[in-house]
Amino acid sequence: MLLMKETFGPLDPECNCYTCKNYTRAYIRHLIKCKEILGMRLLSIHNIHFLTNLMERVRIEIENDNLLNFKNEFYKKYGYTKE
């Protein structure tokens, strides 16, 4: 398994936010480790984009009466398990 500092891909390969399109995980890690404010800003851009898209998708799934299936798919994709 590659360490974060050796990963030269985006934070999330499926994401199309500014951060994921323009910066690598390794570079963002470097910025965070050096306490550069740009690192936090790039992570914030990514997180806001992710949450905005998530809520848009939740609204669509509610309209389609498919929220439970979406929830289960989301949990499976992002590694949530009940213990």
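Distance alone, capped at 3.5 Å, is enough to place a donor-acceptor pair between the Arg25 side chain and the Leu11 backbone.
With rounding to the nearest 0.5 Å, the separation of CG in Asp12 from NE2 in His49 is 9.0 Å. A distance of 10.5 Å separates CZ in Arg57 from CG in Leu67, rounded to the nearest 0.5 Å. To the nearest 0.5 Å, atoms CG (Leu31) and NZ (Lys33) are separated by 12.5 Å. For the atom pair NZ of Lys21 and OG1 of Thr19, the computed distance is 10.5 Å after rounding to the nearest 0.5 Å. With values rounded to the nearest 0.5 angstrom, Phe8 atom CZ is found 13.0 Å from Tyr27 atom OH. Annotation: the span from Tyr78 atom OH to Leu54 atom CG amounts to 8.0 Å, rounded to 0.5 Å.
When all heavy atoms of Cys20 and Pro10 are compared, the closest pair comes out as O-CB, 3.3 Å.
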> Checking salt bridge (charged side-chain N to carboxylate O under 4.0 Å, His left out) for the pair Glu73/Lys77: CA distance, chi angles, key distance, verdict?
Replying inline: CA-CA 6 Å; Glu73 290 172 13; Lys77 181 177 181 178; over 6 Å; no
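By the criterion of side-chain heavy atoms lying less than 4.5 angstrom apart, applied directly or through intervening Ile, Leu, Val, Met, Phe, Trp or Tyr residues, Ile32 is not grouped with Phe50; the two fall into different hydrophobic clusters. Criterion: ILVMFWY side-chain heavy atoms under 4.5 Å apart, direct or through other members. Under it, Leu51 and Ile60 are not part of a common hydrophobic cluster.
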Acceptor/donor pairs from residues 40-48 side chains to any protein atom, 3.5 angstrom cut, sequence neighbours excluded:
unit_1: Ser44; atom_1: OG; unit_2: Met40; atom_2: O; d: 2.9
unit_1: Asn47; atom_1: ND2; unit_2: Leu43; atom_2: O; d: 3.3

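Remark: Leu68 CG is packed, more than 12 non-hydrogen atoms of other residues, nucleotides or ligands lying under 6.0 Å away. Other residues, nucleotides and ligands place no more than 12 heavy atoms under 6.0 Å from the CG atom of Asp65.
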